[in-house]
Amino acid sequence: MEDYVLVTRRVFRETIDYLKENFKVVDNQKDTILSGEKLRKLMRDAVGVQSSTNDIIDGPLLDKCKKLKVVCNTAVGYDNIDVAACTKRGVMVTNTPGVLNETVADYAMALVLSATRKIPQGERYLRQKKWKKNSLTYPLSRDVSGGTFGFMGFGRIGQAIAKRALSFDGKVIYHCRNRIPPSQEKKYQAAFVSKTELLSSSDIVVLILPHTNETHHLIGADELNIMKRSATLVNMARGGIVDDAALIRALREGDIYAAGLDVYEDEPNLNPGFLELDNVVLSPHLGSATINTRQEMAMRAATNLVAALSNGDPPDLVNPECLKSS
Ligand code: GLV
């Protein structure tokens with residue numbers, strides 16, 4: 001069978017055209033989520049795959065894909081891919097860093113503001129025709145300006161959000177695995193603190209770190225208990241970093257004030273408990289979803305695919321050690 005690359009989800013025409021200049025392309029312009037079985041069938045003879053966050057790419061699947069050389073995720077995060085399993089089999093993995101920082105940071109601020117200032121709740125109040133007078137005491141929310149923003153994770157996107165927090169006169173504190181250099185801390189007026197200090201002193205906790213075995217359920221019942229009852233939690237990172245059941249309980253009991261969520265465990269199967277709460281703003285994983293950014297992400301993934309298959313040197317390789325094992 002002739003070599004081909006698989007694009008698992010609908011992407012922009014220009015991306016497909018670019019790939020077609022280089023390879024035979026099997027695509028999924030219908031944009032259905034490919035079941036495990038369908039993915040196995042379509043990937044079996046592919047030399048490269050342009051994947052998305054719904055595609056679970058693990059060892060058993062890779063064992064069926066004898067020709068596969070590269071998986072190019074159309075996302076900066078890649079927790080849908082078992083990178084160690086790819087490395088072991090000499091399969092390159094790439095992501096799309098950089099192109100989405102500002103777009104995701106804008107959306108993070110939108111969720112901070114929506115959840116803390118209760119913007120969707122105000123709109124519901126109006127649509128439900130409950131707005132009969134301009135009351136001085138109802139409905140009320142909390143301030144964003146001047147608050148302490150605590151960042152769990154402080155990479156490129158976290159720093160882009162911090163820039164926005166500073167323009168709201170916010171105080172920036174952060175916690176992450178690797179402390180950033182002093183010059184960067186100075187730039188964002190950011191103080192490195194322990195996880196406990198961050199949780200107990202932040203008005204707004206922003207999660208913007210990768211989902212790994214180490215960060216799974218990083219925020220559970222204990223952590224939510226440490227947070228201020230007046231605090232807002234915003235998750236712009238990945239479902240699985242938060243224990244959703246524990247968060248639903250905390251929001252229901254008023255252990256924290258509000259949450260703004262773009263990501264969930266087991267997407268797109270939302271825990272129905274969220275739908276019963278009024279103090280959470282729910283968004284279906286749209287942080288990077290602007291026309292420009294999604295075009296750039298798709299082209300970036302395609303560029304990685306072409307580079308990986310033509311010279312074995314894609315710009316955004318996340319597992320360079322795979323080159324040694326192939
Ligand atoms: C989106 O969630 C991404 O990781 O780019």
Side-chain angles (χ1 to χ4, degrees), residues 7-12 15 28 31 33-34 49-58 70-83 86 92-112 114 151-161 164 176-177 206-216 218-219 233-242 244 259-270 274 281-305 314-319:
V7 183
T8 65
R9 298 298 295 277
R10 181 191 299 141
V11 290
F12 300 91
T15 305
N28 172 23
D31 208 29
I33 294 187
L34 300 175
V49 176
Q50 180 162 341
S51 56
S52 100
T53 51
N54 286 140
D55 304 315
I56 307 300
I57 297 181
D58 56 14
V70 63
V71 178
C72 299
N73 220 30
T74 316
V76 67
Y78 44 86
D79 63 333
N80 55 308
I81 301 169
D82 184 338
V83 177
C86 286
M92 293 174 266
V93 178
T94 69
N95 66 343
T96 61
V99 293
L100 43 70
N101 298 347
E102 302 302 322
T103 299
V104 174
D106 286 347
Y107 206 83
M109 281 311 287
L111 280 184
V112 167
S114 295
F151 291 87
M152 298 290 298
F154 207 53
R156 285 172 290 226
I157 302 176
Q159 291 171 21
I161 306 169
R164 289 155 174 79
C176 61
R177 215 172 25 165
V206 179
L207 305 177
I208 188 72
L209 70 169
H211 180 216
T212 62
N213 288 340
E214 289 71 44
T215 63
H216 187 70
L218 184 77
I219 303 293
L233 176 72
V234 167
N235 189 359
M236 286 305 294
R238 277 292 183 274
I241 293 175
V242 176
D244 282 353
L261 306 175
D262 193 38
V263 288
Y264 310 87
E265 294 189 273
D266 193 26
E267 289 177 18
N269 304 309
L270 186 73
F274 282 123
V281 176
L282 303 166
S283 153
H285 204 146
L286 293 179
S288 63
T290 65
I291 299 165
N292 282 349
T293 296
R294 285 286 166 88
Q295 278 172 338
E296 285 195 52
M297 288 166 71
M299 278 311 281
R300 183 80 173 231
T303 303
N304 275 300
L305 192 46
D316 303 311
L317 185 61
V318 301
N319 61 340

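Atoms within a ligand are numbered from 1 in the order they appear, just like the ligands themselves.
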Checklist entry - Under 3.5 Å, is there a donor-acceptor pair between the side chain of Thr15 and the main chain of Val11? => result no
Checklist entry - Pick from Thr53, Asp55, Asn73: which one makes a side chain to side chain donor-acceptor pair (under 3.5 Å) with Asn80? => result Asn73
Next on the checklist: Against ligand 1, does Leu100 come closer than 4.0 Å with any heavy atom?
Outcome noted: yes
Next on the checklist: Please determine whether a side-chain nitrogen of the Lys or Arg among Glu102 and Arg164 lies less than 4.0 Å from a carboxylate oxygen of the Asp or Glu.
Outcome noted: yes
Item to check | Nitrogen or oxygen atoms of Thr96 and ligand 1 under 3.5 Å apart | outcome: no
Next on the checklist: For Asp316, run the side chain to side chain donor-acceptor pair (under 3.5 Å) check against Thr94, Asn304, Asn95 and tell me which one passes.
Outcome noted: Asn304
Checklist entry - At what distance is the nearest protein heavy atom to atom 1 (C) of ligand 1, and which residue and atom is it? => result His285 NE2, 3.5 Å
Checklist entry - Closest non-hydrogen protein atom to atom 5 (O) of ligand 1, residue and atom name please, with distance? => result Val76 N, 2.7 Å
Next on the checklist: Under 3.5 Å between any N/O of Gly77 and any N/O of ligand 1: does that happen in this structure?
Outcome noted: yes
Checklist entry - Looking at CG of Leu34 and OG1 of Thr8, how far apart are the two atoms once the value is rounded to the nearest 0.5 Å? => result 6.0 Å
